[in-house]
Amino acid sequence: MLFWVKIRWEPALACGALLGALGWISARALGIPWELNVSRTALEQVLVGLAAILASDLLLHLLLRRWFGEPYRRRFASQLAYFDQQDTAAILASGPCAAAEETVFRGVLLPLLLPLGSGPAVAVSALAFGLGHWRRDGWARPFNLWACWQGVVLGLLYLWTGNLAVNLMVHGLHDVLGFAVFRLQRRSGLLL
């Protein structure tokens, strides 16, 4: 579903507002404190986190392309075509929507699961994150798993920093940059 809402700016912003409110209300009701510190250290952590998730994306893409060849390339091309409807406003609106996802998955769910241990907490919250992005379309299968992996990366980032503001910025920037790259790939015909 979270892939679908990011095609147009209106549902992306509406979903972002809903998720942000849900995360904030849930955290307050459950007594989960959020660190939302935007300092020089936090900004440095944003750069490290963004570099890590982008490097992870590139590595995963290259590995899937190598392992699965043409079937993966076709699915990737279908993913690019799926997001062809995105205009600039939708790409920009994906940032706040992605940041709001963090309030629920890393701001509430992950801290609730931490008594199970950090590994299980990250795994379960990543699986929930992946399910939130689930699409039944055949082209989406590798990207459903990809979303789970990104949930792991974002969960580890949160455990490392303890600062939800870092996750908000990394995930928001990641989605805006990713969808901008998709647009460039569609326009150039370059599938990488």
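Just so you know, these numbers come straight off a predicted model, no measurement behind them.
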How many angstroms lie between CD in E101 and CD in Q150, if you round to the nearest 0.5 Å?
-> 10.0 Å
Non-neighbouring partners of R40 that pass salt bridge (Lys or Arg N to Asp or Glu O under 4.0 Å), sequence neighbours left out | E44
F182 vs F76 aromatic rings, parallel, tilted or perpendicular, using cut-offs 30° and 60°?
-> perpendicular
Tell me, do E35 and V166 make a side-chain contact under 4.5 Å, heavy atoms counted?
-> no
Which value, rounded to the nearest 0.5 Å, describes the distance between D84 atom CG and Q79 atom CD?
-> 12.5 Å
Sidechain-backbone polar pair: S56 side chain, A52 backbone, donor-acceptor under 3.5 Å = no
Which distance, rounded to the nearest 0.5 Å, do you find between the CG of L156 and the CD1 of I53?
-> 10.5 Å
For V104 and L19 the tightest heavy-atom approach is CG2-O, 3.5 Å
Judged by atom type as modelled, is there a donor-acceptor pair below 3.5 Å linking the side chain of S125 to the main-chain atoms of V122?
-> yes
Can you check whether L159 reaches L114 side chain to side chain, under 4.5 Å on heavy atoms?
-> yes
Between L154 and Y158, does a side chain to side chain contact (heavy atoms under 4.5 Å, CB included) hold up when you go through it step by step?
-> CA-CA 6 Å; L154 291 163; Y158 182 71; over 6 Å; no
Pairs meeting criterion salt bridge (Lys or Arg N to Asp or Glu O under 4.0 Å) with involvement of residues 154-178, two or more places apart | K6-D175
Has R106 got its NZ or CZ under 6.0 Å from the middle of the six-membered ring of W34, at an angle within 45 degrees of the ring axis?
-> no
NE2-CG distance between H61 and D57, expressed to the nearest 0.5 angstrom = 10.0 Å
Following the transitive rule for hydrophobic clusters with a side-chain heavy-atom cut-off under 4.5 Å over Ile, Leu, Val, Met, Phe, Trp and Tyr, establish whether W24 and L36 coincide in one cluster.
-> yes
Do the non-hydrogen side-chain atoms of L63 and L59 ever get within less than 4.5 Å of each other?
-> yes
Between I91 and A180, which heavy-atom pair has the shortest distance, and what is it?
-> CG2-N, 4.1 Å
Non-hydrogen atoms of G107 and I32 that approach each other most closely = O-CG2, 3.5 Å
Could you state the interatomic distance from CG (L60) to CH2 (W146), rounded to the nearest 0.5 Å?
-> 5.0 Å
Counting only heavy atoms not in R183, do more than 12 sit closer than 6.0 Å to its CZ atom?
-> yes
Mind listing the closest non-hydrogen atom pair of N37 and N163 along with its distance?
-> O-ND2, 2.6 Å
Does the separation of the ring centres of H133 and F143 fall below 6.0 angstrom?
-> no
Common cluster, L47/M169, ILVMFWY with side-chain heavy-atom separation under 4.5 Å = no
Minimal heavy-atom distance between L157 and G49, with the atoms involved, is CD1-CA, 3.9 Å
Same cluster for W9 and W4 if Ile/Leu/Val/Met/Phe/Trp/Tyr side chains link at under 4.5 Å?
-> no
Look up atom CG in L80 and atom CZ in R186, then write down how far apart they are to the nearest 0.5 Å.
-> 6.5 Å
Does Q185 reach the side chain of V181, with side-chain heavy atoms less than 4.5 Å apart?
-> yes
How about L13 and C97: do any of their side-chain heavy atoms sit closer than 4.5 Å?
-> no
Are F68 and R75 side-chain neighbours, meaning at least one heavy-atom pair lies under 4.5 Å?
-> no
Min side-chain heavy-atom separation N167-V170 under 4.5 Å = no
What is the minimum heavy-atom distance between A100 and T103, and which atoms define it?
-> O-OG1, 2.6 Å
Mind checking whether F129 and H171 have ring centres under 6.0 Å apart?
-> yes
Would L18 and V5 show up in the same hydrophobic cluster when neighbours are defined by side-chain heavy atoms closer than 4.5 Å?
-> no
F83 side chain near F179 side chain, heavy-atom distance below 4.5 Å = yes
